[in-house]
Every structure is written in C-alpha cells, then in structure tokens.
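Each chain gets a letter, A, B and so on, in the order the sequences are listed, and its residues count up from 1. Owing to the predicted nature of the structure, the values given are computational and were not obtained by experimental measurement.
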Amino acid sequence: MSNLISAAREQWKELLLRAYEQAVADGVLPSGAAAVDPEPPRDPSHGDWASSFALAAAKTLGKPPRMIAEAVRDRVELTGSFFATCAVAGAGFLNGRLGTSFFAALLADISREGEAYGRNDLGHGKPVMVEFVSANPTGPMTLGNARGGVLGDTLASVLSACGYKVSREFYLNDAGHQVDMFGRSIDARYIQLLRGEDAYVFPEDGYHGEYIREFAAAFAEQHGDSFLDKPDDVRREAMAAFALPQNVRRMKDDLARYGIVYDRFFHETELHNSGYVKETIDLLTERGHTYEKDGALWFEATKFGCDKDEVMQKSNGFFTYFAVDIAYHRNKFVERAFDTAIDVLGADHHGHTLRFAAAMEAIGVDPARLRFVLMQLVHLTRDGEVVRMSKRTGRAITLSDLLDEIPVDAARFFFNNRQTGSHLEFDMGLAVRQDSDNPVYYVQYAHARLCSLLRELAAEGFAPPEGGAADVSLLSTPQERELLAALAAFPEEIALAAQELEPFRINRHLIKTAAAYHRFYNECRVKGSDKPLLLARLALCASARTMLRNGLGLLGVSAPEKM
RNA sequence: GCGCCUGUAGCUCAGCCGGAUAGAGCAACUGCCUUCUAAGCAGUAGGCCCCGCGUUCGAGUCGCGGCAGGCGUGCCA
C-alpha cells in the first residue's frame, strides 16, 4: 500500500520549502515564493527528483534563479531524509538524489508486500463498473472487440489494484432491430435451404455471414420443414431464439479463451420487460426535458449543451437505442449504485459521449460519474502488409481467428501496447515471433531470467535477505540505480493508469523495467560476488521479480519461470 | 458546414497537469557469449516535433489561425 516515490517527492518539496523559509529568515531572500511540485528529471544523471522552484520564484522574488537556488541549497537539511545530496544545475534546478535510506525502505517494502506491491487504496472500496466489448450478439467478435476486451479487462484489474470494488460487465443487445434482422436472416437461409436459393430473396441489410447458413442448417436439422407453414414472425422469433444463445455461448467461450471473465452479462431485454425503459423516459418527461414532434418523443439535448435534440421513442412506438442506453446507465447508477461507470467504446462512438453526459444530467446523475475510454481502430498487418481478410475463411478476421494464430499472452500484450487514442497497428508476424523484437517475450524473458538466477542462488544456499537486511548502499552502479528507480515508480504508474484510464502505462513500465534488468544483468554479476554485494543484488533481483510478476498479472499475461 | 481525434527519426510509437542536450523499439551499420538463459547487452548513424502567429524566464507540450488524414453529425445500432 505504500508509494515511497511520491512520499519522496513530497519530502523534497517540503525540504526545499523549509530551506527557502530559512533563507527568508536569514534575510537572504524575500518572502512570497510558493512551493513547486518536483518532477523526475528527464536525464537520470541529474538526480531522482528535480524542482524548478527557483525558476518559478525568480519573477516573484525579483532575483536570478541560480542565486535563489544556491541560497536554498545552502540551507537544505538532508539529515534523516530520503535524500543524500542536493545540487543546483542548469538554469537553477534543485536536484535531489535519493540515498540509501530510501532504497533500503523500498526493498523492504517490496519484500514485505510481495504480490500486493504496487497496490494502493485510492478507491476506498468504491464500486466501479467497467463495461466493455458489449459486442453485437448476432455475429462473431471483431478485432475492435479484441482490443476493447484487453483494455477493459486490464483497466478493471488496475482499478481493482487501486482499491476499487470493480465489476466487469458485458451489455448484451438481445432485443431490437439487430436481433430481429438476425432472425430474418436465418429464416431466409432456412427457406432457401429447403426450397432452393431462388425461392426467397435474402434481405438486403441482413447478415450475410456463412455462420447464418450454419444456424439455418442446424435449425432445419432439428425441426425439419415443420416451420415452413408458420407465420413469418413466429418463424423468425424461433430462429433468433434458437441461434442467439448459441452465439452468446461462442462469444463467452472466445472471451474465456482470451482470459476475460465477466461478473455479469446484462440483458437488454430486462430493461424492456420490466418497463424500466418507459419509466426512464417518463422520468425525463416529468423533469420537463422531452417534447413531441412528428409523432416521436424527443429529448431536449440542446438544453444540456448538445447541438441537436435526440429521438427517444420513434413514431412507430419503438424506443431508440439511445433511449434504452439511457435506461441502462440509469440502472447502473441509480438501481445498482455504482459510484462510477466506465464505458470502453470504439472511437467511432465519440459522438455519444456528449449526448450521454447530457442525458445523465437530465435524469439527475452527475455526468462526471460516467467516463469513457475511446479506442481507435486496429490495423492488422503481417510483416508490413495490411491484412484485412482471413486466408482460411475469406472474411474479416475475427477474435477467434486471431486467437487461433496468436498466443493469448502476445495478443493481450499487443492490444494494450498503445495509448487508447492511437490507432493500433497489430503485426501478426511480430506477435508470433519468439525473440526480443517481440516486446511480450522481452518482458517475460526478464522475468524468466530472474527466476533462473534466483533458483541458482538458492541452490548455492542464498535466500533473499529478510525485510531488506542487505546493505543497499552497495548498489551504486548506474544499472542498479536505474532498476531501483523503475521498481520504485511502479505504484505510481498503477495509480496514474487508474486515474487517467490509461492501462497502457503498465505495458510501458514493464518494458522499461525489463530493459533496466537486462542491462543490470549484463553489467552486474550476482553469483560469485562478495557476500555483502551478492546479498544486496539478490535482494534487488527478488524485488524486481516481484514487480515484473505483479505487472504481468495486471495485464493478464503469464509470468513464466523458464523460457 | 459544424464537432471530436490524430500529425514527433525511413517504419511503429513514447514524451508523465510548460522545464535542462527531444527518447525507445524496428530497419541499417560496428562490436560483446570458456562466466548467473545471446529470447540478452553496448555503440554508430538517423529530427524545420505538419506550418504560422501568440502567451511565457522557458513551448513537442498551452491559446488562436491554417494544412493533411481519420471519425462523427439517422425516427441505425
């Protein structure tokens, strides 16, 4: 639960502020300057925390930044702090270098917390729902669903690590036009199967996939031609009722294979059957946010900053998708009392975010409780060539096709290896490659190397020292310091990933840490060193293994002990 | 037309609420295994950070105006 790195930052801020106050008391500097949050210097050779206090204060105090910085530096009291040195550099930066006490505390923390290292309690147990994928249940899942699945699942894990009570949810659109068309499509194939291709014109906007024919054939297998003389709507509903659960079953299987398990599949039909959609629309009307026009019921979105109003109930009496979704989100916040709901959506849905916020405000829910992760599209390539279709099926590549070819670890790592707002290029050639070009192996290899090293040391009778009993001051090479810094930064990365809804940060940090370890490995021998140094490096390695394992765990990627 | 997103090395992308000499990986070139896993490491080379103006002690980062690409703007979902 600790976050030593941010504790150190706060301490640096405080130490400099106190030194400044001393300089004021000494009559060297005028009063009036405000504290500044230190930041990590871009170049690690400058130290661990840098403050631009003197630069920011220069104008207020009417003194040159370097003069201010030097006056502060001369009065900074490092005894008993995490810091070993304070230096002035550049235009007037005050650079602090962490000392042994910090690193000893760090390794002790990691050793004590083990698999909990990196976690925090930002969430205080507040209930948060992450809704993701929510793919149309009338067909196979797409690559977009594949990316959304990883983002949602990883984000949920990250939030969970931050002390939120997280619920993973899949919204199942098992009602409405799409399902109707699903039934009509299967029905058309059913009739064509029994009476010949020319006997029935396939609906133009129907689902053309081969799987529709398969459902029709399966239905015919079970029921023969007994449905041919039934009324259209009876037939179609029977087809949908027959095929939908099977398709949902397949989606769940694919998701499970992908390492994704939901807390709940929420059925849209529940909202209709219970009258909740109508109740929600009535609520909007009661609150005076709707009007009738052209036989339809409209929501006055323009009252809440949108550029146009939205239809809630069509003139044919059916509710729009938007209306149902408002009801669904009301259910999340009001009936189920989630503190925050996060929707992972394709960027092509960005137009909804404003409308949703407006709708939440209109029903009396703070719009800030609804947050969106908008993800850009996926471009699939194979060794530089764009891939659109599966060679095997001749159709757009599905999640299932992808998992047939790409190991789950690689798929999960790749889909989270870019910021959500960036287009993601997924190189299938790279994803299956088992070498260091492939970042997932790079990280896993670092973990496996650590495990191997720790096994060898254990065989020689060396166990990681309890509670940081090693002499950390011996860890003084740049490689050791870089690795320590990466280990220290992990809790803050998790916190930022949760706050900013950027699960990609975990990938980035893992790659950074793995790189630091590989450099350490090449430069610093553990086996065969003098015992105090060996023990200090052993403690470092044990901590590094813990951090890498915890990070991979958040991603749902395995941490192999041998490769 | 209006709105949102993106524009950084040949390619794919980082750049953490404005900070020091703009980074990583790939591709190219040069090195490193009798030693804890070479699935690794070190080095060289590669940049009008799309353009212009502005704010600031300081701009890849903030503001305004352009340019280019993507998406949205349905009584579709």
Side-chain angles (χ1 to χ4, degrees), chain A residues 36-37 39-43 46 50-52 55-56 58-59 64-65 89-93 95 136 138 173 176-179 181 205 293-298 306-308 310-322 324-325 346-354 374 376-377 379 381 384 417-419 421-427 430 433-446 448-457 459-460 479 489 492-493 496 500 502 504-505 508 511-512 514-515 517-529 534 537 541 562-563:
Chain A
V36 167
D37 281 328
E39 52 199 46
R42 194 164 289 172
D43 181 348
H46 287 127
S51 171
S52 55
L55 285 79
K59 198 173 187 184
F93 289 93
N95 296 332
N136 192 332
T138 57
N173 296 107
H177 178 258
Q178 294 182 127
V179 173
M181 186 49 73
D205 48 352
K293 194 181 92 181
D294 305 331
L297 186 71
W298 295 70
C306 294
D307 46 10
K308 60 185 198 54
E310 299 288 335
V311 172
M312 297 278 98
Q313 192 168 17
K314 301 184 245 183
S315 50
N316 64 11
F318 286 105
F319 296 115
T320 59
Y321 155 89
F322 182 52
V324 181
D325 234 5
D348 54 339
H349 288 72
H350 70 77
H352 299 310
T353 58
L354 268 181
L374 292 173
Q376 281 293 349
L377 302 177
H379 295 298
T381 64
N417 209 31
R418 291 286 179 266
Q419 287 186 327
S422 297
H423 287 272
L424 184 144
E425 182 172 310
F426 191 114
D427 186 336
L430 179 59
R433 215 178 299 158
Q434 300 202 1
D435 58 34
S436 62
D437 291 358
N438 187 340
V440 64
Y441 286 102
Y442 185 77
V443 174
Q444 287 180 320
Y445 180 53
R449 259 184 157 178
L450 274 161
C451 290
S452 170
L453 173 54
L454 291 167
R455 273 194 305 270
E456 298 256 341
L457 289 166
E460 292 182 10
Q479 290 77 16
E492 192 156 71
E493 285 296 334
L496 284 167
E500 308 294 321
E502 289 180 340
F504 151 72
R505 284 172 172 277
R508 194 177 54 186
I511 291 171
K512 183 179 175 181
Y517 176 69
H518 288 311
R519 280 193 279 269
F520 161 83
Y521 181 89
N522 258 62
E523 200 61 35
C524 307
R525 287 212 41 103
V526 182
K527 274 174 74 176
S529 300
L534 182 147
R537 287 179 171 169
C541 288
K562 287 181 184 172
M563 287 175 75

- Atom of A:L453, atom of A:V526 and distance for their closest heavy-atom approach: CD2-CG2, 3.8 Å
According to side-chain hydrogen bond (donor to acceptor under 3.5 Å, both in side chains), who are the partners of [X], at least two apart in sequence or on a separate chain?
{"X": "A:E500", "value": "none"}
{"X": "A:E502", "value": "A:R505"}
{"X": "A:K293", "value": "none"}
{"X": "A:S51", "value": "none"}

Can you name the residues that form a salt bridge (charged side-chain N to carboxylate O under 4.0 Å, His left out) with [X], not counting sequence neighbours?
{"X": "A:K314", "value": "none"}
{"X": "A:E523", "value": "none"}
{"X": "A:K308", "value": "A:E310"}
{"X": "A:D348", "value": "none"}

Check: protein-nucleotides 5-15 of chain B nitrogen or oxygen pairs below 3.5 Å:
residue : atom : partner : partner atom : Å
B:U12   : O2'  : A:R418  : NH2          : 2.6
B:C13   : OP1  : A:H423  : O            : 2.8
B:C13   : O5'  : A:R418  : NE           : 3.2
B:A14   : OP1  : A:Q419  : N            : 3.3
B:A14   : OP1  : A:S422  : OG           : 2.8
B:A14   : O3'  : A:R508  : NH1          : 3.0
B:A14   : O2'  : A:R508  : NH1          : 3.3
B:G15   : OP1  : A:Q419  : NE2          : 2.9
B:G15   : OP1  : A:R508  : NH1          : 3.0
B:G15   : OP2  : A:Q419  : NE2          : 3.0

- Query: Taking only residues two or more places apart in sequence or in another chain, which ones pass side-chain contact (heavy atoms from CB on, under 4.5 Å) with A:F93?
  - Reply: A:S52, A:L55, A:N95
- Message: Walk along nucleotides 71-77 of chain B from 5' to 3' and tag each nucleotide B, S or - by protein heavy-atom contact under 4.0 Å, base first, then sugar-phosphate.
- Response: BSSSBSB
List every contact pair, protein side and nucleotides 29-31 of chain B side both N or O, where the distance is under 3.5 Å.
none

